[in-house]
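To find a chain, count down the sequence lines: A is the first, B the second, and so on, and within it residues start at 1.
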There are 2 protein chains.
Amino acid sequence: MVEYNDVLNQTFRALADPTRRAMLEDLRRGPKTIGALAEPFAISFAATSKHLGILEDARLIRREKQGRERLCHLEPGAMQEAKAWLEQHAAFWNSALEALETALNE
Amino acid sequence: MVEYNDVLNQTFRALADPTRRAMLEDLRRGPKTIGALAEPFAISFAATSKHLGILEDARLIRREKQGRERLCHLEPGAMQEAKAWLEQHAAFWNSALEALETALNE
DNA sequence: TTAATGCTCAACTTTTTGGTTGAATAAAAT
DNA sequence: ATTTTATTCAACCAAAAAGTTGAGCATTAA
């Protein structure tokens, strides 16, 4: 396997799982404990913890110890590179389609 | 595993692999045959064909039969949903940061 | 102090992924 | 007509991912 951009790899991989995306969406409503995040899913606590570990490795969230609980927060910034990658591709298409349009109008 | 958005799943999964991202980037320079796409990588023809199958399933490319070769083209549009997802998240952060800034300026 | 709660860790299983090789197919070149 | 070229297919393999269960560790509540 090629390995030249770990950040993009980790980000896209983290986002490829619907459970993890749902957790990120959940966290937009504010910080939550692991238990609260696990609740909507039919998976074990440990599985949830693993998903959050992947999100944390990808710097998409941060886990903060708070007494015996752990609060998860969204982490800004990590998504930027992935977003930039997609936008660059979209830009390619926009310009390609514009060129086509221009050509058709001639 | 939860399964409520196959399009996002497939797109992000397809983009999570660096070989596949490199192939997409390669295709921005114009359509290429499978052989040409395989060339920069130390993997077999069959492996390349599989990667392209995943990209095709995700509607990121299209394979067009052309004689005994197959030309691959980038496919616009499929990336939009993934891009929109990321932009929505980024927007969340922008507004959160703006709110913070406003609060600090008071 | 003991019991319960919130979470992680370690070991294990199953499924998916990314790769291989060799045979099959279809078109092009000889 | 035969061979070479371009690609796919099928069967397989190893490693990674996603899940499980049960033990272990802090912290809080009784």
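Taking atom CD1 of A:I34 as the reference point, atom P of C:dG6 lies 12 Å away to the nearest angstrom. In this structure, the CG atom of B:D17 is 13 Å from the C1' atom of D:dA16, given to the nearest Å. Taking atom CZ on A:R21 and atom P on D:dA18, their separation rounds to 12 Å, with Å as the unit. Spacing between atom CG of A:L71 and atom P of D:dT27 amounts to 15 Å, rounded to whole angstrom units. Distance NZ (B:K32) to P (D:dT7): 12 Å, rounded to an integer number of Å. Across the protein-nucleic acid pair, B:D57 atom CG and C:dT16 atom P stand 15 Å apart, rounded to whole Å. Rounded to whole Å, the distance from CD on B:E56 to P on D:dT8 is 9 Å. When the C1' atom of D:dT8 is taken as reference, atom CZ of B:F45 falls 10 Å away, rounded to whole Å.
Ion pairing of A:E75 with A:R59 is absent here, as no side-chain N (NZ or NE/NH1/NH2) approaches a carboxylate O to less than 4.0 Å.
The 5' end of DNA chain C is approached more closely, in terms of each residue's nearest nucleotide, by A:R63 than by the other of A:K50 and A:R63. Mapping A:Q66 and A:A42 onto DNA chain D by nearest heavy atom places A:A42 closer to the 5' end of the strand. Residue-to-nucleotide proximity on DNA chain D shows that, of B:E69 and A:E69, the 5′-proximal contact is made by B:E69.
Within 6.0 Å of CD in B:E39 there are 12 or fewer heavy atoms belonging to other residues, nucleotides or ligands. Within a 6.0 Å sphere centred on CZ of A:R63, other residues, nucleotides and ligands contribute more than 12 heavy atoms.
Checking B:E25, B:K83, B:R21 one by one against A:H89, the side-chain contact (heavy atoms from CB on, under 4.5 Å) holds for a single residue, B:E25.
The A:A46 side chain lies nearest to C:dC9 when the options are C:dC9, C:dG18, C:dG19. Closest contact between the side chain of B:K65 and the listed nucleotides C:dA27, C:dC7, D:dT7 involves C:dA27. Here C:dG19 is the nucleotide among C:dC7, D:dT8, C:dG19 with the atom lying nearest to any side-chain atom of B:H51. When the nucleotides D:dT21, D:dA18, C:dG18 are ranked by their closest atom to the side chain of A:R13, D:dA18 comes out on top. Nearest to the side-chain atoms of B:I43 among the listed nucleotides C:dG18, C:dG19, D:dT20 stands C:dG19.
In this structure, B:T48 reaches neither bases nor backbone, as no heavy-atom distance under 4.0 Å exists between it and the strands shown. Among the protein residues, A:S49 comes within range of the sugar-phosphate backbone only, with heavy atoms under 4.0 Å from sugar or phosphate atoms but none that close to a base.
With hydrogens and angles left out, the side-chain atoms of B:W85 and B:Q80 include no donor and acceptor closer than 3.5 Å.
A donor-acceptor contact under 3.5 Å links the side chain of A:R68 to the base of C:dT5.
Phosphate proximity of D:dT20 to A:S44: present, with a side-chain N or O under 4.0 Å from OP1 or OP2.
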